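What follows is one structure encoded as structure tokens, with my remarks underneath.
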Amino acid sequence: MMNKVVVVKTGESRSCGKKTPELAFSAVSPDMLEEFLVDVAKENENNLINLSQHAGSFKKLRLIEFVFLLCEQLGLHQVTRYQAVEILERFMIRYIEKLYSSTCTGSEKNTEKYAWGQLQVRIQDHFVLRIMSCVQIASKISFHYQIVNNSMALKFLQSLGHSYKREDFLDSELLVLETLSFQVNVPSPFTHTEILLEVMGYNDPSVPIKHLHSISLKVLKFVYLMRNTIYENLLKIAIENSTPNELQRAKFLSVKEDCMLLAVGVIGTSAFILNYTPWLKVVQQLASISGVTEESISEFSQVILKHIFPGANHAKFQY
């Protein structure tokens, strides 16, 4: 998969008045980083194999914006934002599936419908609390950054007009953890993007990795927020049809949830913007490291660029 690698060491940057890690190199051995990359790739593949048919249901623009703004107001690092969205998505799908199955007990249809309606109201009433719980858990996973404790969470939601109590946060966080069987530390698109950048920087010292890293994080945020629009266009290109049917959308779901594809698309786009070397070379590097085909990287990057720079001509990349 790769020949050389790199990782991070601690630097200083400001976030809520605290020191946070900053991208740097040669802090750990190449073997450790390579092992991490392999593990991340395997976990991504496993997630795609076991993908829920409802994946993406809680990655709508307004919901992602809310989580991102919440994390920003709490002074949390970017990695926490993506982790929180991923935790929320997985939790809500599994939680709703369990609640729904509990109402399908073979009882009378009207009774079952009423029970499910009551549960839906309950889900809506506690949704903001569940979001905060996912943010809290994400902040604890990133323990070297700021952690959102119950006092902070309570004070913040009260400032928004919610009347939760301290025990509500404890119960909610435990519910999220138990529903996910305490498996909450899943690599996010942010993780994939940074690990690929680190490998690229080690493999080729001429790569202006800090500048590429800076642009990539901005592009990742853009793509993550605009994911439904961007992937819709990618689907239409893939099937060569402007009106995808439900079967085609279902088959395309694994593409939308592929964190490795998202990461290489983001980096490929960022490298094209930075224009530090022939772009074909970047695509070849990414394909070599990630296992994603050069054609897929190129196609996805072009779609992203057309959304970042609408009206510009990117029909043919200059290599």
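If you're wondering where the values come from, they're calculated on a predicted model, not measured in any experiment.
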Any side-chain heavy atom of [X] within less than 4.5 Å of one from [Y]?
X: Thr277; Y: Ser206; value: no
X: Glu35; Y: Val40; value: no
X: Met200; Y: Val282; value: yes
X: Phe91; Y: Leu175; value: yes
X: Phe222; Y: His307; value: yes
X: Phe127; Y: Leu63; value: yes
X: Glu65; Y: Leu225; value: yes
X: Met92; Y: Ser57; value: no

I'd like to know if the side chain of [X] reaches the main chain of [Y], judged simply by a donor and an acceptor atom lying under 3.5 Å from each other, with no hydrogens or angles considered.
X: Ser172; Y: Ser133; answer: no
X: Ser270; Y: Val266; answer: yes
X: Ser52; Y: His54; answer: yes
X: Gln248; Y: Asn245; answer: yes
X: Asn241; Y: Pro244; answer: no
X: Ser214; Y: His211; answer: no
X: Glu89; Y: Gly56; answer: yes
X: Asn150; Y: Phe169; answer: no
X: Thr269; Y: Gly265; answer: yes
X: Asn50; Y: Asn47; answer: no

Does atom [atom1] of [X] have more than 12 heavy-atom neighbours from other groups under 6.0 Å away?
X: Gln120; atom1: CD; result: yes
X: Glu295; atom1: CD; result: no
X: Arg249; atom1: CZ; result: yes

Whether [X] and [Y] hold their rings parallel, tilted or perpendicular, with breakpoints at 30° and 60°:
X: Phe272; Y: Trp279; result: perpendicular
X: Tyr164; Y: His126; result: tilted
X: Tyr224; Y: Tyr82; result: perpendicular

query = Any salt bridge between Glu173 and Lys140, counting N to O under 4.0 Å?
reply =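 Looking at Lys140 together with Glu173, the answer is yes, because their closest N to O distance falls below 4.0 Å.
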Any salt bridge between Glu178 and Arg94, counting N to O under 4.0 Å?
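A salt bridge is absent here (no side-chain N lies under 4.0 Å from a carboxylate O).
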Does a donor on one side chain sit under 3.5 Å from an acceptor on the other, for [X] and [Y]?
X: Ser296; Y: Thr293; result: yes
X: Asn233; Y: Lys306; result: no
X: Ser188; Y: Arg81; result: no
X: Ser298; Y: Glu294; result: no
X: Gln285; Y: Asp204; result: yes
X: Asn149; Y: Gln136; result: no

Transitively linked via ILVMFWY side-chain contacts under 4.5 Å: [X] with [Y]?
X: Val292; Y: Phe252; answer: yes
X: Leu174; Y: Ile131; answer: yes
X: Tyr95; Y: Val121; answer: no

